[in-house]
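Step one of this worksheet: look at the structure below.
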2 protein chains.
Amino acid sequence: MVKSTNVTNSIRALRFAHGEMTQADLAQRIGVTRQTIIAIEQGRYSPSLEMAFQISRAFAVPLDDVFQYPDTERQSP
Amino acid sequence: MVKSTNVTNSIRALRFAHGEMTQADLAQRIGVTRQTIIAIEQGRYSPSLEMAFQISRAFAVPLDDVFQYPDTERQSP
DNA sequence: GAGCCATGTAAAGCATATTTGACACGCAGT
DNA sequence: ACTGCGTGTCAAATATGCTTTACATGGCTC
């Protein structure tokens with residue numbers, strides 16, 4: 001498996017929209033490492049559902065507002 | 001870490017609400033194994049975000065309709 | 001120019017999710 | 001009683017998420 005992930009996110013945008021929150025800040029607030037935030041923010045892999053919920057809650061927005069799932073996305077049509 | 005998961009779901013209910021869809025059916029439709037469906041349905045572990053999106057899409061409902069995340073869940077208040 | 005801060009990269013290792021295959025049980029139909 | 005189906009369980013193997021540590025860069029301040 002070489003594909004990174006199909007889920008995109010708006011974390012970076014939300015971070016700035018929430019008072020210049022840094023990656024480290026967000027990481028701490030959620031309870032994960034900075035690494036994890038970086039990787040997710042860059043779409044290297046999709047987080048666990050729990051992580052996703054925590055992130056969306058950190059920004060006080062619905063989950064669908066943070067993560068977008070592109071259409072029916074076939075692996076290899 | 002011994003806790004299984006904090007995320008609950010309504011998969012079983014949705015399956016029946018969608019024409020007696022069996023676990024195997026759902027698994028195939030989503031592209032995972034029956035094992036995975038069983039485990040998630042029983043809350044043994046929380047799926048990846050992608051999996052969650054696929055499941056909710058299989059039922060044509062918003063993600064928050066399938067998975068619920070309990071309050072602010074503190075590990076040890 | 002030295003020092004701090006925010007961000008990015010990399011590798012090793014542990015934890016968890018997902019797969020595969022096999023078996024058990026209750027229930028309906030023949 | 002036998003068969004098929006939906007569900008559940010167990011165990012081992014592979015894949016992926018997450019952590020830890022360490023180092024590199026650009027921008028900023030002093």
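Per chain, numbering begins at 1; letters A, B, ... match sequence-line order. The basis for the numbers below is simple: all heavy atoms, side chains too, and nothing from hydrogens, waters or symmetry mates. Being a predicted model, the structure only gives us computed values, none of them experimental.
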Separation of atom CD in A/Gln23 from atom P in D/dC18, rounded to whole Å: 15 Å
Could you please name the option among D/dT20, D/dT9, C/dT19 that lies closest to any side-chain atom of A/Thr33? D/dT20
So which atom in A/Glu41 and which in A/Asn9 form the shortest heavy-atom distance, rounded to 0.1 Å? O-ND2, 3.8 Å
Where is the tightest heavy-atom contact between B/Gln68 and B/Pro70, given as atom of each residue plus distance? O-CD, 3.6 Å
For A/Asn6 and D/dT16, what is the distance between atoms CG and P respectively, to the nearest whole Å? 12 Å
A/Met51 CE - D/dT19 C1' separation (whole Å): 11 Å
C/dA22 phosphate, OP1 or OP2, under 4.0 Å from B/Arg34 side-chain N/O: no
N/O donor-acceptor pair under 3.5 Å between A/Arg34 side chain and A/Ala24 backbone: no
Check the phosphate of D/dG17 against A/Ser46, side-chain N and O only, distance under 4.0 Å to OP1 or OP2. Yes or no? yes
Is any side-chain N or O of B/Arg12 closer than 4.0 Å to OP1 or OP2 of D/dG8? yes
Quick one: A/Leu26 CG to C/dC5 P, roughly how many Å, whole number? 19 Å
Would you kindly give the CZ-to-C1' distance between B/Phe67 and C/dA17, to the nearest whole Å? 13 Å
At under 4.0 Å, does any side-chain N or O of A/Gln35 touch on OP1 or OP2 of C/dA10? no
May I ask you to evaluate whether B/Thr36 reaches the phosphate of C/dT18, defined as a side-chain N or O under 4.0 Å from OP1 or OP2? no
Would you say C/dT9 has OP1 or OP2 under 4.0 Å from some side-chain N or O of A/Arg44? yes
B/Ser48 side-chain N/O to D/dG17 phosphate OP1/OP2 under 4.0 Å: no
Whole-Å distance, B/Glu41 CD to D/dG6 P, equals 14 Å
Tell me the interatomic distance from A/Ile37, atom CD1, to D/dT20, atom C1', rounded to whole angstroms. 16 Å
Would you say that more than 12 heavy atoms from the other residues, nucleotides or ligands in this model lie under 6.0 Å from the CD of A/Gln42, or not? yes
Of all heavy-atom pairs linking B/Arg12 and B/Gln23, the shortest is NH2-NE2, 4.0 Å
